[in-house]
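Data first, discussion second: the structure below is written as structure tokens.
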Amino acid sequence: EIVDDEPRVAGALAQYQQQAGLLNEAIQTYTKALEQQPNSRELKARRIVALYDAKDYARAAEYAAEAQKQHPDDPRFPRLRASALNAGGDRMHAIEVLEELTRTFPKDTISQLALADMYSKANRKQDAERTVRQVLMLEPNNADALNYLGYMLAERGEKLDEAIRLVSHALEIDPDNGAFLDSLGWAHFRKGNMDQAEKYLSAAAGKLP
């Protein structure tokens with residue numbers, strides 16, 4: 001009721017609209033909020049996510065590219081751009097954006113994992129494995145990377161002893177993670193350890209009903 005008279009509340013209103021699933025309204029309100037705070041990275045990121053969730057991938061990618069130029073030190077925007085490009089059907093361009101991002105921020109493991117995931121979607125399995133291993137060289141206790149690589153190997157039916165070791169390490173770090181339990185159960189299944197597979201997959205089902 002007051003946003004027209006007091007535009008500073010637009011950011012909060014847009015967030016509530018987004019949480020309520022009123023995506024088109026949220027996008028419009030974020031635009032109004034950005035008129036008041038044109039340098040707000042958070043508002044820009046939230047508007048891009050709202051556009052993505054509304055399946056307006058072209059505008060999401062466009063706004064992410066604009067924000068990337070305005071804030072070249074913030075890796076969130078090229079990651080969002082790559083996600084929008086991929087969802088819009090341009091996976092090759094998405095990979096190029098992420099490859100450039102990881103060259104610019106070689107120690108940003110979030111971006112490296114995003115690139116690995118994109119490689120995997122493009123069926124570039126060796127590139128995906130190489131990239132996740134680079135993450136683990138930087139962060140040997142990165143539970144998400146340990147699980148990702150372990151599950152990837154289990155899916156391929158390769159290096160199953162290593163897959164079990166990797167996911168077991170991830171579970172030592174985050175023992176209640178249902179996705180990690182699922183990965184470990186699947187790795188045991190692929191290796192033929194049915195009792196262990198049932199044990200961990202049952203635990204995963206309990207965590208992820």
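Nothing fancy with the numbering, it's 1 onward along the sequence. This one's a predicted model, so the numbers in the text were calculated from it and none came from an experiment.
For residues 167-188, the set of pairs meeting the salt bridge (charged side-chain N to carboxylate O under 4.0 Å, His left out) definition, not counting sequence neighbours, comprises Asp176-Lys207. Pairs passing the salt bridge (charged side-chain N to carboxylate O under 4.0 Å, His left out) check and including a residue from residues 134-145, sequence neighbours excluded, do not occur. For the salt bridge (charged side-chain N to carboxylate O under 4.0 Å, His left out) condition, the pairs that include at least one residue of residues 105-121, sequence neighbours left out, are Arg79-Asp108, Asp117-Lys121. Note on residues 15-39: pairs passing salt bridge (charged side-chain N to carboxylate O under 4.0 Å, His left out), not counting sequence neighbours, are Asp4-Lys32.
When each of Val135, Leu136, Val167, Asn142 is checked for a side chain to side chain contact (heavy atoms under 4.5 Å, CB included) with Leu149, only Leu136 meets the rule.
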Pair Gln17-Asn24, side-chain contact (heavy atoms from CB on, under 4.5 Å): steps then yes or no = CA-CA 9 Å; Gln17 289 171 326; Asn24 291 327; over 6 Å; no
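Under the rule for a ring pair (Phe, Tyr, Trp, His ring centres under 6.0 Å), His93 has no partner lying at least two apart in sequence or in another chain. For Tyr119, the ring pair (Phe, Tyr, Trp, His ring centres under 6.0 Å) test picks out no residue, with sequence neighbours left out. Among residues two or more places apart in sequence or in another chain, the ring pair (Phe, Tyr, Trp, His ring centres under 6.0 Å) test is passed with Tyr148 by none. In this view, Glu100 and Arg103, Thr104 satisfy the side-chain contact (heavy atoms from CB on, under 4.5 Å) rule, not counting sequence neighbours.
Counted by atom type alone, Gln18 and Tyr30 present one or more donor-acceptor pairs between their side chains at under 3.5 Å.
A distance of 13.5 Å separates CD in Glu96 from CZ in Arg91, rounded to the nearest 0.5 Å. The structure places CG of Leu113 at 9.0 Å from OG1 of Thr131, a figure rounded to the nearest 0.5 Å. With rounding to the nearest 0.5 angstrom, the NZ atom of Lys159 is 15.0 Å from the CD1 atom of Ile164. Put simply, CG on Leu138 and CD on Gln134 are 8.0 Å apart, with the number rounded to the nearest 0.5 Å.
Counting only heavy atoms from C-beta outward, the side chains of Pro75 and Phe105 approach each other to under 4.5 Å. For the pair Gln126/Arg130, no side-chain contact is recorded, criterion being any heavy-atom separation below 4.5 Å from C-beta on. Taking the side chain as every heavy atom from C-beta outward, Leu171 and Asn147 never approach each other to under 4.5 Å. In this structure, Leu98 and Pro78 have side chains that are not in contact, with every pair of non-hydrogen atoms separated by 4.5 Å or more. Taking 4.5 Å as the limit, some side-chain heavy atom of Lys44 sits within range of a side-chain heavy atom of Gln70. With contacts defined as side-chain heavy-atom distances shorter than 4.5 Å, the pair Arg76/Glu42 qualifies. Side-chain atoms of Arg47 and Leu34, non-hydrogen and from C-beta on, do get closer than 4.5 Å to each other. By the 4.5 Å heavy-atom criterion applied to side chains, Phe77 and Ile48 are counted as neighbours.
Nearest heavy atom pair, residue Ala163 against residue Gly150, reads CB-O, 3.4 Å. Taking all atoms of both residues into account, the shortest heavy-atom contact from Ala179 to Asn177 is N-OD1, 2.9 Å. In terms of heavy-atom proximity, Leu160 sits nearest to Ala154 at CD2-CA, 3.8 Å. The shortest heavy-atom contact between Met118 and Ala94 is CE-CB, 4.1 Å. Here the closest heavy-atom approach between residue Ser83 and residue Tyr52 is recorded as O-CE1, 3.5 Å.
Cluster membership for Leu101 and Ile95, using ILVMFWY side-chain heavy atoms within less than 4.5 angstrom, is shared. Cluster annotation: Leu153 and Leu146 are assigned to the same hydrophobic cluster (Ile/Leu/Val/Met/Phe/Trp/Tyr, side-chain heavy-atom contacts under 4.5 Å, transitive). With hydrophobic clusters built from ILVMFWY side chains whose heavy atoms lie under 4.5 angstrom apart, Tyr151 does not share a cluster with Phe180. Taking hydrophobic clusters as Ile, Leu, Val, Met, Phe, Trp and Tyr residues chained together by side-chain heavy-atom distances below 4.5 Å, Leu80 shares a cluster with Leu51.
Other residues, nucleotides and ligands place no more than 12 heavy atoms under 6.0 Å from the CZ atom of Phe189.
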Identify each donor-acceptor pair in which a side-chain atom of residues 60-68 lies under 3.5 Å from a protein atom, sequence neighbours left out, and give them as a table.
from, atom 1, to, atom 2, distance (Å)
Gln68, OE1, Arg81, NH1, 3.1

Please list every donor-acceptor pair under 3.5 Å in which a side-chain atom of residues 194-201 meets a protein atom from a residue at least two apart or in another chain.
none

Please set out all donor-acceptor pairs under 3.5 angstrom arising from side-chain atoms of residues 6-16, sequence neighbours excluded.
from, atom 1, to, atom 2, distance (Å)
Glu6, OE1, Arg8, NH2, 3.2
Glu6, OE2, Arg8, NE, 3.0
Gln15, OE1, Arg46, NH1, 3.1

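No side-chain donor-acceptor contact under 3.5 Å links Ser120 to the backbone of Ala116. Counting only distance, with no hydrogens or angles, the side chain of Thr102 and the backbone of Glu99 share a donor-acceptor pair below 3.5 Å. Side chain of Gln112 to backbone of Pro106: a donor-acceptor contact under 3.5 angstrom is found.
Remark: Glu129 does not engage Arg124 in a salt bridge, criterion side-chain N to carboxylate O under 4.0 Å. No salt bridge links Glu155 with Arg190; every basic N to acidic carboxylate O contact stays at or beyond 4.0 Å.
With a 4.5 Å cut-off between side-chain heavy atoms of Ile, Leu, Val, Met, Phe, Trp and Tyr, the cluster of Leu23 takes in none.
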